[in-house]
Asker: 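Just passing along the structure, written as structure tokens.
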Amino acid sequence: MGGARPACFPSPRETTMRLTTHTWGTGDRVALLIHGMMADHRTWRRVGPALADRGYQVVGVDLPGHGGSPRSSGRDGARLYGLDDMARAVAAACPSRAEVAIGHSLGALVLERAVDRGLAVDRAVYSDPAWRSEPHDLAPARAYKHATRDEIRTANPRWEPAAVDDELACLELWDPDTPTVLDPPPGLPASAAGPSLVLLADPSERIPPGGQELLRARGFELRTVPGAGHSIHRDDFPGFMSALSGWV
């Protein structure tokens with residue numbers, strides 16, 4: 001693990017948020033991985049090594065309030081999280097231009113925000129992104145902080161045991177104030193900023209059919225991993241990697 005590196009794009013103000021990162025491989029191409037809400041770089045335990053085997057230097061970031069990264073302090077001691085702040089912090093953790101960047105759920109929102117503001121990425125992959133337009137019920141997310149091993153296993157029957165262990169470790173470090181980043185809901189992006197692939201669960205609760213058609217019209221390529229839940233890469237790792245064909 002390491003700290004933040006020089007920013008990939010200029011920001012209007014200096015960010016003081018230095019993210020923890022984990023690196024797999026030493027290839028001359030960079031792949032950037034951005035986890036979802038409640039997780040950290042450990043969610044990519046199989047994806048990171050697989051991309052490293054394909055010749056990438058893979059950088060997995062811990063978003064603010066997750067893993068080893070710091071919590072965000074707002075005015076008067078209140079903790080506040082914003083997509084722009086997260087995007088700047090991720091950009092600062094990027095070692096150089098990324099040939100491919102993959103963001104899951106919240107991580108997809110952060111990636112889209114960073115790419116839209118000039119993060120140097122050749123190809124962006126959004127895995128079941130949380131681009132919902134209606135308000136999120138934040139209470140269940142916060143309650144999940146205290147989920148037991150059995151509850152995690154029951155909710156995710158397709159996960160391997162190591163993924164359940166990782167989830168428990170991630171929850172221990174996760175700041176339950178981070179769901180405020182989804183208020184107000186961000187909605188769908190107006191257009192694809194460069195080559196962009198959206199991977200969807202089957203069915204996707206985050207992107208309904210109407211939203212999928214809008215994304216296609218706005219320049220995104222869409223693919224579905226049959227039978228996979230929201231955390232596609234942990235539900236069906238082979239299916240996830242197969243769906244990335246031509247993109248990694």
Asker: Would you say the side chain of Pro95 lies within less than 4.5 Å of the side chain of Val30, judging by non-hydrogen atoms?
Answerer: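 Side-chain contact under 4.5 Å: yes.
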Asker: Taking side-chain hydrogen bond (donor to acceptor under 3.5 Å, both in side chains) as the criterion, tell me which of Trp159, Tyr144, Trp174 meets it with Glu167.
Answerer: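 In the set Trp159, Tyr144, Trp174, the residue that makes a side-chain hydrogen bond (donor to acceptor under 3.5 Å, both in side chains) with Glu167 is Tyr144.
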Asker: Would you find a donor on one side and an acceptor on the other, under 3.5 Å apart, between the side chain of Gln212 and the backbone of Ile207?
Answerer: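 Pair found, side chain donor or acceptor close to backbone of Ile207.
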Asker: Go through the steps to decide whether Val121 and Glu99 satisfy the test side chain to side chain contact (heavy atoms under 4.5 Å, CB included), and finish with yes or no.
Answerer: CA-CA 6 Å; Val121 172; Glu99 182 164 307; over 6 Å; no
Asker: Taking Thr21 for the side chain and Gly60 for the main chain, is one N or O donor matched with an acceptor at less than 3.5 Å?
Answerer: no
Asker: Minimum heavy-atom separation for Leu63 to His35, with atom names?
Answerer: N-NE2, 2.8 Å
Asker: Less than 4.5 Å apart, side chain to side chain, heavy atoms only: is that true for Val125 and Leu244?
Answerer: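 The answer is yes; the side chains approach within 4.5 Å.
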Asker: Using 0.5 Å steps for rounding, measure from the OG atom of Ser127 to the CD1 atom of Ile102.
Answerer: 8.0 Å
Asker: When you compare the side chain of Val181 with that of Asp85, does any pair of heavy atoms fall below 4.5 Å?
Answerer: no
Asker: Is Trp247 linked to Val225 within one hydrophobic cluster, defined over Ile, Leu, Val, Met, Phe, Trp and Tyr using a side-chain heavy-atom separation of less than 4.5 Å?
Answerer: yes
Asker: Rounded to the nearest 0.5 Å, how far apart are NE2 of His41 and CD1 of Ile34?
Answerer: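 Separation between the atoms: 15.0 Å.
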Asker: Apply side chain to side chain contact (heavy atoms under 4.5 Å, CB included) to Leu33 and Val59, showing your working.
Answerer: CA-CA 6 Å; Leu33 302 180; Val59 179; over 6 Å; no
Asker: Is a donor on one side and an acceptor on the other found under 3.5 Å between the side chain of Arg206 and the backbone of Asp128?
Answerer: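 Pair absent, no side-chain N/O of Arg206 close to backbone of Asp128.
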Asker: Measure across Pro189 and Glu112 and return the closest heavy-atom pair with its distance rounded to 0.1 Å.
Answerer: CB-OE2, 3.5 Å
Asker: Counting only heavy atoms from other residues, nucleotides and ligands, does the tally under 6.0 Å from CD of Glu205 exceed 12?
Answerer: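 No - once you tally the heavy atoms of other residues, nucleotides and ligands closer than 6.0 Å, there are 12 at most.
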Asker: Please answer: with hydrophobic residues joined when any side-chain heavy atoms are less than 4.5 Å apart, are Leu19 and Val58 in the same cluster?
Answerer: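 Not linked; separate clusters.
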Asker: Step through the shown structure and confirm whether more than 12 heavy atoms of other residues, nucleotides or ligands are within 6.0 Å of CD on Glu172.
Answerer: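 No.
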Asker: Measuring only between side-chain heavy atoms, which start at C-beta, is Val90 closer than 4.5 Å to Val61?
Answerer: yes
Asker: If I take atom CG from residue Leu106 and atom CE from residue Met86, how far apart are they, to the nearest 0.5 angstrom?
Answerer: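 Going from the CG atom of Leu106 to the CE atom of Met86 covers 5.5 Å.
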Asker: Is the backbone N or O of Pro64 less than 3.5 Å from a side-chain atom of Ser69, with the two atoms forming a donor-acceptor pair by type?
Answerer: no
Asker: Please walk me through it: do Trp131 and Val198 pass side chain to side chain contact (heavy atoms under 4.5 Å, CB included)?
Answerer: CA-CA 11 Å; Trp131 284 328; Val198 177; 4.0 Å; yes
Asker: So, does Arg71 use its side chain to make a donor-acceptor pair with the main chain of Asp177 at under 3.5 Å?
Answerer: no
Asker: Which pairs count as side-chain hydrogen bond (donor to acceptor under 3.5 Å, both in side chains) when at least one residue sits in residues 215-224, sequence neighbours excluded?
Answerer: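 For residues 215-224, and leaving out neighbouring residues, the side-chain hydrogen bond (donor to acceptor under 3.5 Å, both in side chains) pairs sorted by first residue read Glu213-Arg216, Glu221-Arg223.
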Asker: Flag the pair Asp116 and Arg113 as a salt bridge only when some basic side-chain nitrogen lies within less than 4.0 angstrom of an acidic carboxylate oxygen.
Answerer: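 Result for this pair is no, no salt bridge flagged.
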Asker: If you round to the nearest 0.5 Å, how far is CG of Asp40 from CG of Asp62?
Answerer: 4.5 Å
Asker: According to ring pair (Phe, Tyr, Trp, His ring centres under 6.0 Å), does anything in residues 221-244 pair up with another residue at least two apart or in another chain? List the pairs.
Answerer: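 Qualifying pairs, neighbours excluded: Trp44-His233, His104-His230, His104-His233, His233-Phe240.
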Asker: Would you check if Leu188 and Leu215 make a side-chain contact, meaning some heavy-atom pair closer than 4.5 Å?
Answerer: yes
Asker: Report yes if some heavy atom in the side chain of Trp24 is under 4.5 Å from a heavy atom in the side chain of Tyr56; otherwise report no.
Answerer: no
Asker: Are the side chain of Asp202 and the backbone N or O of Gly227 linked by a donor-acceptor pair below 3.5 Å?
Answerer: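 Yes; judged by distance alone, with no hydrogens or angles, the pair exists.
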Asker: Looking only at non-hydrogen atoms, find the nearest pair between Ile232 and Gly229 and report the distance.
Answerer: CG1-O, 3.3 Å
Asker: Between the side chain of Ser196 and the main-chain N/O of Gly194, is any donor-acceptor distance below 3.5 Å?
Answerer: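 Present.
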Asker: Ignoring hydrogens, what is the shortest heavy-atom contact between Ala124 and Leu111? Give both atom names and the distance.
Answerer: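 So the two residues come closest at CB-CD2, 4.2 Å.
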Asker: What's the shortest heavy-atom distance between Leu199 and Pro129, and which atoms?
Answerer: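 Taking Leu199 first and Pro129 second, the nearest heavy atoms are O-CD, 4.2 Å.
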Asker: Should the pair Arg234-Asp166 be classified as a salt bridge under the 4.0 Å nitrogen-to-oxygen rule?
Answerer: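 Asp166 and Arg234: not salt-bridged.
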Asker: Should His66 and Leu173 count as side-chain neighbours, where that means a heavy-atom distance under 4.5 Å?
Answerer: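 Sidechains of Leu173 and His66: no contact.
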Asker: Any chance you could lay out the side chain to side chain contact (heavy atoms under 4.5 Å, CB included) test for Thr43 and Met38, step after step, and finish with the verdict?
Answerer: CA-CA 10 Å; Thr43 191; Met38 310 177 203; over 6 Å; no
Asker: Can you tell me how far apart CE (Met37) and SG (Cys170) are? Round to the nearest 0.5 Å.
Answerer: 13.5 Å
Asker: Taking Asp150's backbone N and O only, do any of them form a donor-acceptor pair with Thr154's side chain (distance below 3.5 Å, no angle check)?
Answerer: yes
Asker: Does one hydrophobic cluster hold both Tyr126 and Val100, with members joined at side-chain heavy-atom distances below 4.5 Å?
Answerer: no
Asker: Working to the nearest 0.5 angstrom, can you tell me the gap between Ser245 OG and Leu197 CG?
Answerer: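 Here the rounded value is 10.5 Å.
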Asker: Under the salt bridge (Lys or Arg N to Asp or Glu O under 4.0 Å) criterion, do Arg42 and Asp165 qualify, and how do the steps go?
Answerer: CA-CA 10 Å; Arg42 282 170 287 198; Asp165 293 340; over 6 Å; no
Asker: Do His22 and Arg45 have side chains that approach each other closer than 4.5 Å (heavy atoms only, starting at C-beta)?
Answerer: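 No; the side chains remain at least 4.5 Å from each other.
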Asker: Which atom names give the shortest non-hydrogen contact between Leu171 and Ala147, and what distance separates them?
Answerer: CD1-CB, 4.2 Å
